[in-house]
Structure formats: structure tokens, C-alpha cells
Amino acid sequence: MTDLRMCEETTSKLRSEVENCISEVNSSGGDSDVRSSANGLTGGGLSGKASTAADAVSKARTTFTNRLTNHHNGIYNATNQLKAADGAAGSAACR
């Protein structure tokens, strides 16, 4: 059986990368462009569909951001739990 090893530098970098992804997704926008896309087609009856599409873009962005946030928190919590377990194992070995 091999030992489980963790590199805090790596997990910190992973969390930072996920934070950058969250920022990118949050700043991506697009819903207002989709919502106004039907404005050039007067009488086309597409404003309702454009609004529905814009709502879907917004919902997708929120869902993806939430998933990335959950991944970020999971990496953080796993790192802390491994550190705590390692500390406890080290303390027990010294007894």
C-alpha cells in the first residue's frame, strides 16, 4: 500500500485556478446581448424567445459558477482534512 501524499502548494494552485475560472464565468455576461438580439427584427415575434434564451444563459452561468465554487470548497476542505489527519497521526506516533 502506498502512502497518501498531498502537496499544499499544488492544492493552493488548483484553488487559485478554479477562482480564476469562477471570475471568468461571472464576467462573461452575454444575456443582455441575447435579450436584445431580436430588436432588429421588428414584428418578428422573437423578443419572448430571445428573453427565454437570455434567461437560460444567465441560469447556465449561475449553475456553472456554483459547481466551480463547490469544487473550490471541496479542494480546500480535503486539504485541511488531510493536514489534520496527518497532524493527528504524527501526534499519535509520538506517544
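If you read the sequence from its start, that first residue is 1, and numbering goes on from there.
Checked by atom type and distance alone, the side chain of Ser12 never pairs as donor or acceptor with a backbone atom of Glu8 at under 3.5 Å. Side-chain N or O atoms of Ser51 include none that pairs as donor or acceptor with a backbone N or O of Gly48 at under 3.5 Å. In this structure, Thr79 contributes its side chain and Ile75 its backbone to a donor-acceptor pair below 3.5 Å.
In this structure, CG in Asp31 is found 10.5 Å from OG in Ser36, a value given to the nearest 0.5 Å. For the atom pair OH (Tyr76) and CG (Leu14), the distance works out to 15.5 Å, reported to the nearest 0.5 Å. Here the straight-line distance linking atom CD of Glu17 with atom NZ of Lys13 works out to 6.0 Å at 0.5 Å rounding. To the nearest 0.5 Å, atoms CG (Leu68) and CG (Asn20) are separated by 11.0 Å. If you take OG1 on Thr69 and CD on Glu19, they are separated by 9.0 Å, rounding to the nearest 0.5 Å.
Counting heavy atoms of neighbouring residues, nucleotides and ligands inside a 6.0 Å radius, atom CD of Glu24 does not exceed 12 of them.
Annotation: salt bridge (Lys or Arg N to Asp or Glu O under 4.0 Å) contacts of Lys59 (sequence neighbours excluded): none. Judged as a side chain to side chain donor-acceptor pair (under 3.5 Å), and not counting sequence neighbours, the contacts of Asp55 are Arg35.
Using a 4.5 Å cut-off between side-chain heavy atoms of Ile, Leu, Val, Met, Phe, Trp and Tyr, with links allowed through other members, Val18 and Val25 fall into the same hydrophobic cluster.
Arg15 and His72 make their closest contact through O-CD2, 3.4 Å (heavy atoms, listed as atom of the first residue, atom of the second, distance). Among all heavy-atom pairs drawn from Val34 and Ala53, the shortest one is CG1-CB, 3.6 Å.
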